[in-house]
Amino acid sequence: MQSRVVPLEEGKDPAVSIKASQSKPFPIRLLQLFLLFLALCMAFSIISMYTIKRFGVQSSRTTVKPAFKPCFDEPDTLDRWIRPPSNLLHKMSDKELFWRASFVPGIKKYPFKRIPKIAFMFLTKGPLPLAPLWERFLKGHEGLYSVYIHPLPTFEAKFPSSSVFHRRQIPSQVAEWGRMSMCDAERRLLANALLDISNERFVLVSESCIPLYNFSVIYDYIMRSKYSFIGAFDDHGPYGRGRYNENMAPEVNITQWRKGSQWFEINRKLAVKVVEDARYYPKFEEFCKPSCYVDEHYFPTMLTIEAAPLLANRTLTWVDWSRGGAHPATFGRADITKEFFKKIHEDTHCVYNNQSSPVCFLFARKFAPSALEPLIHVSQNVLGF
């Protein structure tokens with residue numbers, strides 16, 4: 001049989017023609033791997049669901065910790081509420097400070113052992129030249145007193161860390177004698193002292209004041225008193241009622257107008273009244289200007305109207321007006337003798353807790369810096385400390 005040869009077309013590859021005529025099969029191996037992956041995923045999901053249902057997820061949540069910390073700790077114990085401020089140089093304005101200081105607990109009985117303290121509030125121009133005498137007076141009585149200093153705002157107190165005056169300066173403003181800024185400074189001192197819940201009595205003194213007895217005598221005298229000590233008398237003369245302005249009515253009538261010493265000692269209840277006052281303050285600010293000296297009238301008048309039964313109507317600070325003039329006498333080195341203090345201690349008579357008492361003054365002013373050395377010398381025998 002003769003074979004028949006079919007010639008190839010010129011330019012064509014017979015292998016290529018065969019592959020093109022065949023269909024490409026699906027890769028079975030890839031399909032198997034995909035099905036195996038799906039099966040594993042389903043098995044893992046079933047196992048996870050069973051584990052959560054059976055054992056819960058509490059154990060996994062306990063290991064999670066927050067990645068941030070709060071900027072401050074929220075008060076969670078009583079101690080944090082009653083602890084006095086560690087830094088007196090706060091950033092509060094007077095308005096904010098007075099609002100904060102006016103907080104009063106609704107429940108009178110304290111839920112902790114409260115030891116009442118005396119707040120000694122120094123209203124000064126700057127340095128405290130008699131500080132060493134006060135250091136000696138306060139030594140050994142920590143926990144029974146607090147110290148606050150209101151100097152001129154440009155003054156920076158630099159007391160050693162061992163001093164009772166160290167870091168006791170409060171934010172201050174300029175205080176001018178006879179003007180409302182002086183009362184503002186006194187209210188500022190009271191407000192800062194009120195932030196310490198243990199402060200019960202508040203004594204205003206100056207850089208020229210000294211204590212006349214030892215701490216124990218003064219502490220007991222003040223704490224046992226039923227009254228607060230602020231002079232408030234009705235002076236019918238030109239330096240009393242003569243300073244009254246009729247525009248102060250109806251808040252203040254002329255029969256309610258009082259005059260008294262700037263240097264006072266009051267309890268916590270009255271301190272709050274002074275700080276929170278918004279009724280009488282505007283009247284005194286507007287209508288009591290020199291020759292009406294507001295620091296002699298504002299507190300005595302306001303407290304007489306609001307709390308007359310709580311006032312002893314006298315001051316605890318002795319001064320000597322015998323030399324005349326607008327200011328009391330100032331005593332220097334030559335004046336400090338035993339006879340000088342004997343006169344102060346013995347030539348007095350007053351009423352204390354509704355009974356006659358020979359002890360009337362606990363503090364005295366004005367003493368010059370030159371008096372410090374002799375005061376230290378006689379303090380133990382004459383003043384008792």
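Please read these numbers as outputs of a predicted model, since none were measured by experiment. In what follows, every heavy atom counts, from backbone to side chain, and hydrogens, waters and symmetry copies are set aside.
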Check whether any side-chain heavy atom of [X] sits under 4.5 Å from a side-chain heavy atom of [Y], and report yes or no.
X    : Y    : answer
Y298 : R187 : yes
F98  : E276 : no
L144 : Y219 : yes
I218 : F137 : yes
Q256 : T304 : no
L133 : I376 : yes
F155 : T124 : no
I230 : L270 : no

(request) Determine, step by step, whether F229 and R314 satisfy the side chain to side chain contact (heavy atoms under 4.5 Å, CB included) criterion, reporting the C-alpha distance in whole Å, the side-chain angles of both residues, the deciding distance to 0.1 Å, and the verdict. (result) CA-CA 6 Å; F229 296 90; R314 65 182 178 90; 3.4 Å; yes

Under a 4.5 Å side-chain heavy-atom rule over Ile, Leu, Val, Met, Phe, Trp and Tyr, are [X] and [Y] clustered together?
X    : Y    : value
I254 : F233 : no
I118 : I115 : yes
M302 : F287 : yes
L372 : L138 : yes
L128 : W263 : no

(message) Between E306 and R279, does any side-chain N to carboxylate O distance fall below 4.0 Å?
(response)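 Between R279 and E306 there is no salt bridge, as every charged N stays at least 4.0 Å from the carboxylate O atoms.
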
(request) Before accepting this row, confirm whether a basic side-chain N of the pair D234/R241 lies closer than 4.0 Å to the acidic partner's carboxylate O. (result)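 R241 and D234: salt-bridged.
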
(message) Applying side chain to side chain contact (heavy atoms under 4.5 Å, CB included) to L189 and F202, what does each step give before you reach the verdict?
(response) CA-CA 9 Å; L189 279 164; F202 304 79; over 6 Å; no

Compare every heavy atom of [Y] with every heavy atom of [X], then report the nearest pair and how far apart it is.
X    : Y    : value
E265 : I222 : OE2-CG2, 3.4 Å
K283 : N247 : NZ-O, 3.0 Å
H90  : L97  : NE2-CD1, 3.9 Å
E200 : P116 : CB-CB, 3.7 Å
P358 : T348 : O-OG1, 2.8 Å
P151 : S172 : O-OG, 2.9 Å

Output yes when a side-chain donor or acceptor of [X] lies under 3.5 Å from a complementary backbone atom of [Y], and no otherwise.
X    : Y    : result
H150 : L123 : no
D277 : V274 : no
R100 : M92  : no
R333 : P374 : no
H297 : R258 : yes
N214 : S216 : yes
S379 : F385 : yes
Q169 : A157 : yes
H345 : L212 : yes
D295 : C183 : no

(message) Let me confirm one number: the CZ-OG distance from R268 to S198, rounded to the nearest 0.5 Å.
(response) 8.0 Å

(message) Within this structure, what is the SG-CZ distance for the pair C288 and R179, rounded to the nearest 0.5 Å?
(response) 11.0 Å

Parallel under 30°, tilted from 30 to 60°, perpendicular over 60°: which one fits the rings of [X] and [Y]?
X    : Y    : answer
F215 : H141 : parallel
F340 : W318 : perpendicular
W177 : H327 : tilted
F331 : F367 : tilted

(message) Given F299, which partner from the list F264, Y280, Y281 fulfils the ring-ring contact (aromatic ring centres under 6.0 Å, His included) test?
(response)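 Single pass found, and it is F264.
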
(request) Verify ring-ring contact (aromatic ring centres under 6.0 Å, His included) between F165 and W134, making sure each step is shown before the conclusion. (result) CA-CA 10 Å; F165 297 102; W134 284 95; 7.6 Å; no

(request) Run the numbers on Y239 and E296 for side chain to side chain contact (heavy atoms under 4.5 Å, CB included), then give the verdict. (result) CA-CA 10 Å; Y239 303 114; E296 296 180 357; over 6 Å; no

For atom [atom1] of [X], decide whether the heavy atoms of other residues, nucleotides or ligands shown that lie under 6.0 angstrom number more than 12.
X    : atom1 : answer
E142 : CD    : yes
R168 : CZ    : yes
R114 : CZ    : yes
E96  : CD    : yes
R323 : CZ    : yes

Can a side-chain donor-acceptor contact be found between [Y] and [X] if the only test is distance below 3.5 angstrom?
X    : Y    : result
S322 : D320 : yes
E135 : S163 : yes
S146 : K117 : yes

(request) Could you walk me through whether V359 and V217 pass side chain to side chain contact (heavy atoms under 4.5 Å, CB included), step by step? (result) CA-CA 10 Å; V359 180; V217 171; 5.7 Å; no

(message) Using side chain to side chain donor-acceptor pair (under 3.5 Å), reason through T255 and N253 one step at a time and then give a plain yes or no.
(response) CA-CA 5 Å; T255 57; N253 297 316; 5.1 Å; no

(message) For Y227, run the side-chain hydrogen bond (donor to acceptor under 3.5 Å, both in side chains) check against N313, N354, N267, N353 and tell me which one passes.
(response)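 Among N313, N354, N267, N353, the one that satisfies the side-chain hydrogen bond (donor to acceptor under 3.5 Å, both in side chains) with Y227 is N354.
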
(request) Verify whether the ring centers belonging to Y352 and Y221 lie closer than 6.0 Å. (result)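 Distance test on ring centres: under 6.0 Å, yes.
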
(message) Tell me if the aromatic rings of W257 and F284 count as close, with their centers under 6.0 Å from one another.
(response) yes

For residues 203-210, which side-chain N or O atoms pair as donor and acceptor with protein atoms under 3.5 Å away, sequence neighbours left out?
residue : atom : partner : partner atom : Å
S206    : OG   : S208    : N            : 3.2
S206    : OG   : S208    : OG           : 3.0
S206    : OG   : R365    : NE           : 3.4

(message) Using a 6.0 Å distance limit plus a 45 degree cone around the ring axis, check whether R243 lies over the aromatic ring of Y293.
(response) no

